[in-house]
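Here is the structure we will look at.
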Amino acid sequence: MLIVCAERALVEAELVGGLLGCPSCRGVLGPWGHARERVLRCRVGDRRLRPRRARCRECAGTHVLLPEIALLRRQDEVSVIGVAIEASVAGEGYRRIASRLGAYADTVRGWLRRFAERAGLLRAHFTWCAAWLDPELGPIAPAGSGVADALEAVAIAARAWSLRFGPGDPWQIASRLSGGMLLATRAPAYPWTR
Ligand SMILES: [Zn+2]
């Protein structure tokens, strides 16, 4: 699985041009059909996705190219999930957040639980990303709780990315920086190093 730009034509050009690296071995990925279609719940309504699949020319492993608006195994757009996390850290209850976003309360509670469980790991990962993107960056001040610290690290890493590569939606950047694993069960797969 690899997180790519949401712009389909750009992904196609990168794939055909051999510009996408294999997350397993750093070989070059080539086109390999499509993954099954899925529906992503977005702020602007449902969006049908049929992600591209790619195959590594070195190790022959196949990878789904998930657009940065999505997270691995989550049906909702990452920006919607991000809004819920921000609201929760600001003190809003999950039921209110769910009704405001038009999502199921259990779904929202699931996002918040997973984010809280992974708060320490996410803080460490995004702090590392921020420092990698901006070596001049000083230490990140504690924000008052585990989840607030994690959210702060996500925001700072997204800002560092924007300063370096141009503006973008902070949560889409977070999706990219976590390799789509922001709310997964495994550690974030950082696509470049480590
Ligand atoms: Zn490979």
Side-chain angles (χ1 to χ4, degrees), residues 1-17 19-23 29-55 62-90 92 94-115 118 122 126 129 150-151 154-155 157-159 161-162 165-186 188-191:
M1 214 274 314
L2 186 66
I3 288 287
V4 293
C5 173
E7 192 77 44
R8 190 178 268 263
L10 191 61
V11 171
E12 205 59 31
E14 286 180 342
L15 196 53
V16 172
L19 297 176
L20 291 179
C22 172
L29 296 178
W32 196 253
H34 290 83
R36 66 172 174 75
E37 188 179 85
R38 58 204 77 188
V39 173
L40 190 70
R41 291 194 293 255
C42 297
R43 277 186 291 198
V44 292
D46 286 356
R47 189 169 157 182
R48 287 184 178 280
L49 293 180
R50 194 152 174 258
R52 200 63 157 105
R53 258 156 51 109
R55 186 166 184 262
T62 59
H63 299 277
V64 174
L65 306 182
L66 201 63
E68 62 206 350
I69 55 172
L71 290 176
L72 186 66
R73 295 197 189 92
R74 298 284 159 179
Q75 272 204 311
D76 292 79
E77 185 183 15
V78 65
S79 311
V80 173
I81 295 174
V83 165
I85 293 168
E86 287 166 5
S88 169
V89 170
E92 195 174 355
Y94 74 91
R95 288 180 196 281
R96 279 190 56 154
I97 297 171
S99 76
R100 192 155 60 77
L101 295 177
Y104 292 111
D106 281 350
T107 304
V108 172
R109 188 168 53 172
W111 302 337
L112 301 175
R113 262 192 196 156
R114 182 56 62 77
F115 188 79
R118 289 166 67 77
L122 291 172
F126 282 95
C129 290
L151 180 61
V154 168
R159 209 176 307 138
W161 171 284
S162 294
F165 299 113
D169 179 279
W171 288 102
Q172 289 182 20
I173 295 170
S175 168
R176 207 175 245 238
L177 287 176
S178 73
M181 309 243 241
L182 191 72
L183 299 182
T185 47
R186 285 173 289 150
Y190 198 61

I need the W161 CH2 to I173 CD1 distance, nearest 0.5 Å. 7.0 Å

Output yes when a side-chain donor or acceptor of S162 lies under 3.5 Å from a complementary backbone atom of A158, and no otherwise. yes

Nearest heavy-atom contact between A184 and R118 is O-NH1, 2.9 Å

Once rounded to the nearest 0.5 Å, what's the spacing between atom NE2 of H34 and atom CG of L49? 11.5 Å

Could you tell me the separation between the CG atom of L65 and the CD atom of E14, rounded to the nearest 0.5 Å? 9.5 Å

Does any part of the side chain of I69, heavy atoms only, come nearer than 4.5 Å to the side chain of S175, both counted from C-beta? no

Please report the closest heavy-atom contact between L72 and L66, naming both atoms and the distance. N-CD2, 3.8 Å

Looking at CG of L101 and CH2 of W111, how far apart are the two atoms once the value is rounded to the nearest 0.5 Å? 6.5 Å

Side chain to side chain, E68 and V78, heavy atoms closer than 4.5 Å: no

Closest approach of A84 and L112, non-hydrogen atoms and distance? O-CD2, 3.7 Å

In this structure, CG of D46 is separated from CD of Q75 (nearest 0.5 Å) by 8.5 Å

Using side-chain heavy atoms (C-beta onward) and a distance below 4.5 Å, is V154 in contact with W171? yes

Report yes or no: does R52 contribute a side-chain atom to a donor-acceptor pair with the main-chain N or O of G33 at less than 3.5 Å? yes

Least distance between heavy atoms, A150 atom then F115 atom: CB-CZ, 3.8 Å

D76 and its salt bridge (charged side-chain N to carboxylate O under 4.0 Å, His left out) partner, picked from R41, R47, R38: R41

When every non-hydrogen atom of A98 is compared with those of A105, the smallest separation belongs to CB-CA, 3.6 Å

Nearest atoms (heavy-atom pairs only) where G21 meets L29: O-CD1, 3.6 Å

Other residues, nucleotides, ligands: >12 heavy atoms within 6.0 Å of R100 CZ: yes

Just how far is it from atom CG of L183 to atom CZ of R74, taken to the nearest 0.5 Å? 5.0 Å

For E37 and R48, indicate whether the former's side chain and the latter's backbone hold a donor-acceptor pair under 3.5 Å. no

